[in-house]
Amino acid sequence: METFWEVFKRHGVSRRDFLKFATTITGLMGLAPSMVPQVVKAMETKPCVPVLWVHGLECTCCSESFIRSATPLASDVVLSMISLEYDDTLSAAAGEAIEKHRERIIKEYWGNYILAVEGNPPLGEDGMYCIIGGRPFVEILKESAEGAKAVIAWGSCASWGCVQAAKPNPTHAVSIDKVIKDKPIIKVPGCPPIAEVMTGVIMYMVLFDRIPPLDSQGRPKMFYGNRIHDTCYRRSFFNTGQFVEQFDDEGAKKGWCLYKVGCRGPTTYNSCGNLRWYNGLSYPIQSGHGCIGCAENNFWDNGPFYERIGGIPVPGIESKADKVGAVAAAAAAGGAILHGIATKIRKASQEKKEE
């Protein structure tokens with residue numbers, strides 16, 4: 001199989017643009033600039049990796065997000081960086097032909113392909129709530145995972161269960177780690193995940209031939225290491241106690257913190273605040289809507305979206321900016337007075353010693 005550099009050359013990409021791309025990918029994966037030479041070397045020597053992308057119970061929003069990736073373009077990922085051998089949404093083939101091809105790839109690349117899973121398996125009624133090619137999806141999932149070297153759980157459906165597993169869960173839908181027990185699983189939650197997070201995870205695995213560092217819940221640390229609250233541009237308003245009390249009030253018009261109208265940013269880990277969506281254009285909080293915590297486990301069952309979550313310490317200052325400024329000025333003035341008194345005491349003490 002061709003290496004990345006060979007594929008790029010075949011498509012007429014210059015060496016300069018290839019190096020630019022490698023630099024961009026390095027930053028996207030959360031790696032230090034010093035890692036660029038290693039990324040370049042990997043792209044010059046690593047072959048494209050076969051990927052099987054299967055779909056269970058889901059709405060296809062993960063695929064919709066993926067095809068909107070701008071850095072890199074989803075078309076570049078599919079056509080130049082991986083060998084996407086099966087995807088019943090993006091594949092041109094269908095029916096028996098594509099299912100036979102999936103079986104052939106499993107045999108030919110046993111232990112060397114990546115399995116990407118979008119959606120989850122329902123276990124109720126022996127899996128009959130989701131049928132693929134005349135077979136329960138749970139069977140397809142187990143069969144496809146058996147020869148994979150790693151599994152990616154796309155979105156909150158595959159990672160946690162999402163809306164299908166919300167109470168009362170009549171189909172008994174479960175996250176894929178309840179079915180796949182003997183393979184490393186990289187959870188990429190979100191409803192849907194950010195497009196560049198998806199491509200970044202794939203590129204890391206392909207270039208370094210290993211799974212990225214994961215947190216205790218199996219999520220890539222480079223994309224899920226911070227709360228949305230930590231990277232939110234409205235954080236300064238939270239710190240000064242300036243909150244939107246209801247949508248369309250004066251606070252909302254001024255862009256104040258959305259915590260009191262239900263924003264889940266303080267308890268949600270994701271990259272929305274720094275990567276954002278549609279090539280960095282925006283994200284829900286920037287558009288005036290609080291985070292609903294879609295990347296977190298059981299987010300559908302965690303209470304109404306527009307109710308304030310408890311257990312978050314809230315600053316006591318809840319006043320207008322000019323009053324906050326006055327408090328800060330008074331504190332500064334008080335500090336100056338105390339400093340002057342302390343200086344006088346030290347001077348008097350020194351004079352007494354000299355006497």
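Remember, predicted model here, so these are calculated numbers, not experimental data. Both backbone and side-chain heavy atoms feed into the values below; hydrogens, waters and symmetry mates do not.
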Decide side-chain contact (heavy atoms from CB on, under 4.5 Å) for Tyr129 and Phe137; before the verdict, give the C-alpha distance in whole Å, the side-chain angles of both, and the deciding distance to 0.1 Å. CA-CA 9 Å; Tyr129 289 107; Phe137 172 67; over 6 Å; no

Please confirm whether the backbone N or O of Cys62 pairs with a side-chain atom of Glu118, one donor and one acceptor, at under 3.5 Å?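 Pair found, side chain donor or acceptor close to backbone of Cys62.
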
Are the side chain of Asp230 and the backbone of Asn226 linked by a donor-acceptor contact shorter than 3.5 Å?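 Not a single qualifying donor-acceptor pair exists.
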
Return the minimal non-hydrogen interatomic distance between [X] and [Y], and the atom names on each side.
X	Y	answer
Val197	Leu275	CG2-CD1, 3.7 Å
Tyr224	Asp215	O-OD2, 4.2 Å
Ile285	Cys232	CG2-SG, 3.8 Å
Met222	Pro212	CE-CB, 3.8 Å

Any Lys/Arg nitrogen of [X] or [Y] sitting under 4.0 Å from an Asp/Glu carboxylate oxygen of the other?
X	Y	answer
Lys142	Glu139	no
Glu64	Arg68	yes
Glu44	Lys9	no
Glu99	Arg102	yes
Glu108	Arg104	yes

Quick check: are there more than 12 heavy atoms from other residues, nucleotides or ligands sitting under 6.0 Å from [atom1] of [X]?
X	atom1	answer
Arg15	CZ	yes
Tyr278	OH	no
Glu125	CD	no

Residues forming a ring pair (Phe, Tyr, Trp, His ring centres under 6.0 Å) with His289, sequence neighbours excluded: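 For His289, the residues satisfying ring pair (Phe, Tyr, Trp, His ring centres under 6.0 Å) (neighbours in sequence not counted) are Tyr306.
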
Applying the side-chain contact (heavy atoms from CB on, under 4.5 Å) criterion to Cys61, which one of Pro193, Cys157, Ser156, Pro192 satisfies it?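 In the set Pro193, Cys157, Ser156, Pro192, the residue that makes a side-chain contact (heavy atoms from CB on, under 4.5 Å) with Cys61 is Pro192.
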
Could you measure the distance from the [atom1] atom of [X] to the [atom2] atom of [Y]? Nearest 0.5 Å is fine.
X	Y	atom1	atom2	answer
Lys178	Leu123	NZ	CG	10.5 Å
Ile140	Leu52	CD1	CG	11.0 Å
Ile312	Arg264	CD1	CZ	10.0 Å
Thr45	Leu207	OG1	CG	9.0 Å
Arg276	Ser282	CZ	OG	7.0 Å
Leu115	Ile176	CG	CD1	7.0 Å

Under a 4.5 Å side-chain heavy-atom rule over Ile, Leu, Val, Met, Phe, Trp and Tyr, are Tyr113 and Ile185 clustered together?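 In one cluster: yes.
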
Testing Arg308, Lys260, Lys254 for salt bridge (Lys or Arg N to Asp or Glu O under 4.0 Å) with Glu245, which one passes?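 The passing option is Lys260.
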
Minimum side-chain heavy-atom gap [X]-[Y] below 4.5 Å:
X	Y	answer
Glu250	Trp256	no
Tyr259	Val314	yes
Trp277	Gln286	no

Could you give me the CA-CA distance, side-chain angles and deciding distance for Val188 and Phe223, then say whether side-chain contact (heavy atoms from CB on, under 4.5 Å) is met? CA-CA 9 Å; Val188 186; Phe223 296 118; over 6 Å; no

Check the side chains of Asp177 and Ser175 for a donor-acceptor pair under 3.5 angstrom, ignoring hydrogens and angles.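 There is such a pair between these side chains.
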
When you compare the side chains of Glu296 and Thr267, does any donor N or O come within less than 3.5 Å of an acceptor on the partner?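 The answer is no; no qualifying pair exists.
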
Determine, step by step, whether Asp87 and Phe66 satisfy the side-chain contact (heavy atoms from CB on, under 4.5 Å) criterion, reporting the C-alpha distance in whole Å, the side-chain angles of both residues, the deciding distance to 0.1 Å, and the verdict. CA-CA 13 Å; Asp87 186 324; Phe66 177 78; over 6 Å; no

Check step by step if side-chain contact (heavy atoms from CB on, under 4.5 Å) holds for Ile152 and Met198. CA-CA 9 Å; Ile152 303 175; Met198 299 175 75; over 6 Å; no

Plane angle bin for Trp53 and Trp154 - parallel if under 30°, tilted between 30 and 60°, otherwise perpendicular: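 Tilted, since the angle between the ring planes falls between 30° and 60°.
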
Look at the aromatic rings of Phe238 and His229 and report parallel, tilted or perpendicular, splitting at 30° and 60°.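 Ring orientation of Phe238 relative to His229: perpendicular.
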
